[in-house]
Novice: 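Dropping the structure in here first, questions after.
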Protein chains: 2
Amino acid sequence: MPGARTSAEAAASMADIAGEGPLYVWDQKRRPTINDVARLAEVSKKTVSRVINQSPLVNDETRQKIAKVIADIGYEPDPQARGLASQRSFLLGVVYDNPNGQYIVNIQNGILEACRKSGFELVVHPCARNSPQFLKEVRQFVERQKLDGVILLPPVSEDEALAAMLTEVGCRFVRIACVPLDMAAHLVVYEDYKGAAEVADHLVQLGHRRIGFVAGPAHYRSAHERRRGFADGLARHGLGLTPELCVEGAYTFESGQACAEKLLSLETPPTAIFASNDEMAAGIYRVAFQHGISIPGQLTVVGFDDSPLASRTCPAMTTVRLPATQMGQMAAEKLIKRIEQPDAKLLETVVQPHLVIRESSGTIR
Amino acid sequence: MPGARTSAEAAASMADIAGEGPLYVWDQKRRPTINDVARLAEVSKKTVSRVINQSPLVNDETRQKIAKVIADIGYEPDPQARGLASQRSFLLGVVYDNPNGQYIVNIQNGILEACRKSGFELVVHPCARNSPQFLKEVRQFVERQKLDGVILLPPVSEDEALAAMLTEVGCRFVRIACVPLDMAAHLVVYEDYKGAAEVADHLVQLGHRRIGFVAGPAHYRSAHERRRGFADGLARHGLGLTPELCVEGAYTFESGQACAEKLLSLETPPTAIFASNDEMAAGIYRVAFQHGISIPGQLTVVGFDDSPLASRTCPAMTTVRLPATQMGQMAAEKLIKRIEQPDAKLLETVVQPHLVIRESSGTIR
DNA sequence: CTGAAAGCGCTTACAG
DNA sequence: CTGAAAGCGCTTACAG
């Protein structure tokens, strides 16, 4: 298409404004390319490429001349073309199966915060871990788009087959998880264990001794960590998880209701219940409401996550806050570092949850 | 790099399994390309390209031969290469400034449902409409990635400057909005007006006459539509919005509390309050709780959105449900249709909200 | 430190 | 209905 080239060259002209240096009058219809920059800076496009890719092998004067042209004409390298030539995409993916919308969006926002600084964009990919196509489907997603890296959110981040597949196809990833499942460089760890232990301290300090526990589903690592942290926390005060007062939910509102029915219909019901997430705690609220049991007067309830729900219930719910946005940002920064500096040593990234005490905490005299 | 080509050719060999037809043993390290398909099908790559792009100008026999090779070796066209050659990206964007996480994720899921069927991927882009860089920033996003189309969520979908900019740069878009802001082909409309009118019917039927209204912020179209629908709904029963009982909130929990304080401290407080979204309704719950006002015994409360919050409050909240997932899917389907069949006539897409009656609705004897 | 050539995997525009 | 050539906007590998 020599015609196009000719017209572009005709349109790209330089003019001098008195004392202001060169000003380039540009064809507004077409985005400038590396060839335009090369021509205007009077260098080869390979040298422009070196500047774009921050190669140290460029004379400082040359670099500045090129940088000026780039800034003047507003050149931005085409990620598609860069990607096709270099077998990458400048795209990050986030893979999740968590149903909690606010949590996803918060993490997403954190990831995007990190992307914004580095020129990556984010492609979202919810998945169904129980589907027989699961691995094949994620693999196609990753390979088709040549994703530069993927961030895995819990609980799908706990899937070892997924991690193995990504390793096999050469796709870098960072997992957000509540236990160290992997090498430090691949992880952002949030310590559910500690958060749950804090809840134990809190409840014991309030004077509770007969404490109910609603666990999460057994196949979730977070469920396991929260239980372990809570049990160990109680143990530090010479208490333990009473089997009679432990029930397992499914992290859903409905399962929280069912668990509450069980616990509150005991001959001697607990004076406090710690639910392994806010959704289930809200289910406890519902049952207490239906039975006319006052919170926190007759029953203390504590959740986990600090979802929007927790601060809007009546009374407002004591819970454990996970800094989701920050976790997303840290995960993305780590992933980008792995992509851009493959040899950099990366340390463990650990995020601390903390207890948010609200109105659902009552004392026992 | 003739070496690479040679090794690939060497690796690509055919073998016959008795009576099973040809089986291609493939180099697992390298994804097959259009050249591989062309060679194995003994046609030019242009003809393969025609099959990929569903051109009708291919002999049926040729098409089937090529399709078989494609299926056998698991060829998938590289979107980057296709995009570079054809000035597109097979990427859709979603631009939003709404803070409601579950709403975003639901719409996102709907969009992805439509993408899955058509080979598009979704890039997410939250934005800050009040930033001075807003337009420039979205423009860069769209141009850099050569997005094939963008879906705009409310309230940023109401921004006419944004729509104008997208039109100018030639980026197709579909807006999700509560009023017809644009041509039918560019819109998915959800009728807030009707939802709010239903609330009026409901409250009047319950016997309420002294009804409070918490409006959304005046610069949101949804706030306007919900007010208008509610007022018109009341008017159909010979009632009207009493100025004294109308207050304006900001769609936030805190503003809902402030509005409730005003309404409930009136000499004759309302017997029912319709809040323009669930967040503000939850704020009303909080104030009622603090003042010992029972819902629905002394006060009926109705929200709007059917966010997760609404079904988890105690008592569960009557509200208006917007089918967010469906809206996302319809918007994406419409956008994809515009991309793939630019000449197709597209009709108005309208989504109906509906009232979900729960426990916060009380009768007046 | 810099550049000319070839290539990434497709499609466009043209020809037959 | 099919194909050879040129091109999309970059980078790689090599040379100097």
Side-chain angles (χ1 to χ4, degrees), chain A residues 1-9 12 30-39 41-66 70 73 75-90 119 143-146 148, chain B residues 1-9 12 30-39 41-66 70 73 75-90 119 143-146 148:
Chain A
M1 206 167 33
R5 169 149 298 187
T6 306
S7 86
E9 281 176 358
R30 196 166 94 4
R31 290 178 60 195
T33 73
I34 198 173
N35 289 307
D36 300 318
V37 177
R39 185 164 31 73
E42 300 175 296
V43 296
S44 76
K45 65 181 177 185
K46 174 64 225 186
T47 302
V48 178
S49 173
R50 286 197 180 90
V51 172
I52 295 168
N53 292 293
Q54 314 192 46
S55 157
L57 303 172
V58 184
N59 180 331
D60 222 54
E61 216 169 300
T62 314
R63 175 191 311 285
Q64 281 173 25
K65 185 168 64 173
I66 294 172
I70 289 178
I73 69 178
Y75 167 70
E76 281 200 280
D78 180 335
Q80 253 174 6
R82 290 181 82 186
L84 181 59
S86 61
Q87 305 286 17
R88 47 180 302 201
S89 66
F90 303 91
E143 293 199 308
R144 187 159 17 89
Q145 300 301 323
K146 296 200 201 87
D148 286 354
Chain B
M1 207 170 26
R5 166 147 300 186
T6 306
S7 86
E9 280 176 359
R30 194 166 100 355
R31 290 178 60 196
T33 73
I34 197 172
N35 289 308
D36 300 318
V37 177
R39 184 166 31 74
E42 300 176 295
V43 295
S44 75
K45 64 180 177 186
K46 174 63 222 184
T47 302
V48 178
S49 173
R50 285 196 181 88
V51 172
I52 296 167
N53 293 292
Q54 314 193 45
S55 157
L57 304 172
V58 183
N59 181 333
D60 223 54
E61 216 168 300
T62 315
R63 175 192 310 286
Q64 282 172 27
K65 185 168 64 175
I66 294 172
I70 288 178
I73 69 177
Y75 166 69
E76 280 201 282
D78 180 335
Q80 252 174 6
R82 289 181 84 186
L84 181 60
S86 61
Q87 305 286 14
R88 45 180 303 199
S89 66
F90 303 91
E143 293 199 310
R144 186 159 16 88
Q145 300 300 324
K146 296 200 201 86
D148 286 355

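Chain naming here is simple, since letters A, B, ... match the order of the sequence lines and numbering starts at 1 in each.
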Novice: By nearest nucleotide on DNA chain D, pick out whichever of Ala85(B) and Arg50(B) is the more 5' one.
Specialist: Arg50(B)

Novice: Which part of the nucleic acid, if any, lies within contact of Pro77(A), taking any heavy atom under 4.0 Å across all strands shown: a base, the sugar-phosphate backbone alone, or nothing?
Specialist: sugar-phosphate

Novice: Please report, rounded to the nearest Å, how far the P atom of dG9(D) is from the CD atom of Gln80(B).
Specialist: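 Roughly 15 Å, once rounded to whole Å.
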
Novice: Any side-chain N or O of Asn53(A) less than 4.0 Å from the OP1 or OP2 oxygen of dT11(D)?
Specialist: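 Yes.
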
Novice: Over all strands shown, is Phe90(A) touching base, sugar-phosphate only, or nothing at heavy-atom distances under 4.0 angstrom?
Specialist: nothing

Novice: Tell me if the side-chain of Arg31(B) makes a donor-acceptor pair with the base of dG9(C), cut-off 3.5 Å, by modelled atom types.
Specialist: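 When only heavy-atom distances are counted, Arg31(B) does not reach the base of dG9(C) through any donor-acceptor pair under 3.5 Å.
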
Novice: Below 4.0 angstrom from OP1 or OP2 of dT2(D), is there any side-chain N or O of Thr47(B)?
Specialist: no

Novice: State the CZ-CG distance between Arg82(B) and Leu84(A), to the nearest 0.5 angstrom.
Specialist: 13.5 Å

Novice: Counting only Watson-Crick or G-U wobble pairs whose two distances fall under 3.5 Å, which nucleotide matches dG3(C)?
Specialist: dC14(D)

Novice: Taking 4.0 Å as the cut-off, does a side-chain nitrogen or oxygen of Ser49(A) come that near to OP1 or OP2 on dT11(D)?
Specialist: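 Answer yes for this pair, as a side-chain N or O of Ser49(A) is under 4.0 Å from OP1 or OP2.
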
Novice: Would you say a side-chain N or O of Thr33(B) is under 4.0 Å from OP1 or OP2 of dG9(C)?
Specialist: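 So the side chain of Thr33(B) is outside the cut-off, no N or O lying under 4.0 Å from OP1 or OP2 of dG9(C).
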
Novice: Provide, to the nearest angstrom, the distance between the NZ atom belonging to Lys65(B) and the P atom belonging to dT2(D).
Specialist: 9 Å

Novice: Between the main-chain N or O of Glu143(A) and the side-chain N or O of Arg31(B), is there a donor-acceptor pair closer than 3.5 Å?
Specialist: yes

Novice: Quick check: does any side chain N or O of Asn59(A) sit under 3.5 Å from a backbone N or O of Glu61(A), one acting as donor and the other as acceptor?
Specialist: yes

